[in-house]
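Some notes on the structure that comes next.
No experiment lies behind these values; they were computed from the predicted model shown. Order of listing sets the numbers, starting from 1, for every ligand and every atom in it.
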Amino acid sequence: MNFNFTEEQLMSQESARDFAQNEIAPSAVERDIKAEFPTEIVKKLGKLGFMGMMVSPEYGGAGMDTISYVLAMIEISKVDASVGVIMSVNNSLVCWGLEEYGSEALKQKYLIPLAKGEKLGAFALSEPEAGSDATQQHTTADKDRDFFIINGIKNWTTCGTTADFYLVIATTDKSKGYKGISTLLVEKGIQGFAHGKKEDKLGIRSSDTCSLTFENCKVPKENLLWEEGKGFNFAMNTLNGGRIGIAAQAIGIAEASFDAAVKYSKDRKAFGNPISNLQAIQFKLSDMAVKVDCAKLLTLKAAALKDADKPYYKEAAMAKLYSSKIAVECALEAIQVHGGYGYVREYLVERYLRDAKITEIYEGTSEIQKMVIARALLDGK
Ligand code: COS
């Protein structure tokens, strides 16, 4: 692992930072209050290459490495974690999944507009009865000559109402258990496919989360990714990279919390001096800084392994487990430093806490990350 970032990695970090400060920050508070999707921001992110960062230029992407992606994700999420999750899902779940496992025809038709940010993607794995135990796919995709007929319900789909293309995981052969699960690409607007209402969430409110319903939805057999029976492996492999993205999102929130705590502690006076002079506050700031740095190192390590084509699933789980935990802790401590002001909307830290919590839940709960890590350790990996 190289501790010196390349020119390209630094450029990606800097342009994400500029974009976040200039284009995302001004509307972040209002969009959170109104739970309003950042349509124009996502379009602009696409034009700048942030929606298909790791996709090869041959397929319309920016051809960057995972480290650049992590650095950019941190900067964007530091300002607005809702934009962070939209970017993460499109990059690490949808684009990566399609580039890795899609046929050439699927890549030409769907990956190129997704990577260019002209279209938006969603990843539909979770169901009312399939969350942590993702093998329990009740959604079915039955083969009927040249088509798959999809029936079922998906839950918690990020960009569920706004996406154009959906990667849908469904059971194609129930008798085979998880080896009878497959992945299909579904286009918005096809008959029998509908989305539910946008969920009213605690945090990441301006991102768009909803359920999806499929009623005899006819999808051409060419829309199958990888091969029949590989859908569970597809989901697991894709989520490994997704967890690096969510770890970076969590670090962004933690860093924003830290910065806010530092600023407030220098501005706020108590007992005749800025509260940053108080050891009680200094200890909080030190603890936060150490945690943020540890989370960054873990996440960059997972990214570096991925870029080097080495196994990274254990490291990705460690990065997500730790980064999400410290995002919640740092947001809580930032509120504590702010006292009563931390509890009201005027200061941003209450949003950081609301946004941080989801990082311990989606793309595998913290308990699932611990299972993944423990199994890898016991297997000697
Ligand atoms: N990376 C790659 N492959 C993985 C994997 C991982 N992290 N975890 C499991 N697999 C593979 C196994 O190698 C096995 O493949 P083969 O049959 O080809 O050998 C297959 O998946 C089944 O593995 P296992 O028997 O361990 O599966 P379990 O049912 O015990 O589930 C967990 C494993 C719990 C780790 C998995 O279900 C999981 O990650 N759940 C969380 C899902 C999730 O993140 N949901 C949120 C979605 S938000 S979009």
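Counted by atom type alone, Glu187 and Tyr110 present one or more donor-acceptor pairs between their side chains at under 3.5 Å. Using modelled atom types and a 3.5 Å distance limit, the side chains of Thr209 and Lys198 yield no donor-acceptor pair. Tyr313 and Asn237 form no side-chain donor-acceptor contact under 3.5 Å, judged by distance and modelled atom types alone. One side chain, Tyr362 or Gln249, offers a donor N or O that lies under 3.5 Å from an acceptor on the other. Using modelled atom types, one finds no donor on one side chain facing an acceptor on the other under 3.5 Å when comparing Gln9 with Gln13. No hydrogens or angles considered: a donor-acceptor pair under 3.5 Å links the side chains of Thr161 and Asp208.
Note that atom 13 (O) of ligand 1 has no protein non-hydrogen atoms nearby, at separations under 4.0 angstrom. Atom 32 (C) of ligand 1 is not flagged as protein-proximal [any protein heavy atom, distance under 4.0 Å]. In this structure, atom 21 (O) of ligand 1 is in close contact with the protein, since a protein heavy atom lies within 4.0 Å of it.
Remark: ligand 1 atoms within the under-4.0 Å shell around heavy atoms of Arg375 are 24 (P), 26 (O), 28 (P), 30 (O), 33 (C). Proximity to Leu239 (heavy-atom distance under 4.0 Å) selects the following atoms of ligand 1: 43 (C), 44 (O). Near Thr135, with a cut-off below 4.0 Å to any heavy atom, the atoms of ligand 1 are 29 (O).
Within 6.0 Å of the NZ atom in Lys107, the count of heavy atoms belonging to other residues, nucleotides or ligands exceeds 12.
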Worked check of salt bridge (charged side-chain N to carboxylate O under 4.0 Å, His left out) between Asp65 and Lys306: CA-CA 9 Å; Asp65 57 14; Lys306 182 167 181 279; over 6 Å; no
In sequence, state the C-alpha distance, the side-chain angles, and the governing distance for Thr66 and Asp307, and then conclude on side-chain hydrogen bond (donor to acceptor under 3.5 Å, both in side chains). CA-CA 6 Å; Thr66 317; Asp307 286 336; 2.6 Å; yes
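Regarding atom 2 (C) of ligand 1, its nearest protein heavy-atom neighbour is Asn237 OD1, 3.1 Å. Closest protein heavy atom to atom 45 (N) of ligand 1: Gly131 O, 3.5 Å. The protein atom (non-hydrogen) at minimum distance from atom 7 (N) of ligand 1 is Asn240 OD1, 3.1 Å. When only non-hydrogen protein atoms are considered, atom 15 (O) of ligand 1 lies nearest to Asn233 ND2, 3.2 Å. Scanning the protein heavy atoms around atom 34 (C) of ligand 1, the nearest turns out to be Met371 CE, 3.6 Å. Here the heavy atom of the protein found nearest to atom 4 (C) of ligand 1 is Met236 CB, 3.5 Å. Given atom 46 (C) of ligand 1, the protein heavy atom at minimum distance is Gly364 N, 3.6 Å. The closest protein non-hydrogen atom to atom 35 (C) of ligand 1 is Val372 CG2, 3.7 Å.
Side chains of Glu228 and Phe148 form a contact here, defined as non-hydrogen atoms less than 4.5 Å apart.
The nearest non-hydrogen atom to atom 49 (S) of ligand 1, considering only Tyr362, Phe123, Phe232, Tyr313, comes from Phe123. Between Ser132, Ala235, Ser126, Ala134, it is Ser132 that holds the heavy atom closest to atom 41 (C) of ligand 1. Counting only non-hydrogen atoms, the option in Trp156, Phe234, Tyr312, Tyr178 that gets closest to atom 16 (P) of ligand 1 is Tyr178. Checking Glu127, Arg243, Lys314 against atom 39 (O) of ligand 1, the nearest heavy atom belongs to Arg243.
Here Thr365 has no heavy atoms under 4.0 Å from ligand 1, in either its backbone or its side chain. Under 4.0 Å from ligand 1, not a single heavy atom of Thr158 appears.
Ring to ring, Phe50 and Tyr69 are not that close: their centroids are 6.0 angstrom or more apart.
A donor-acceptor contact shorter than 3.5 Å links the side chain of Ser82 to the backbone of Ser206.
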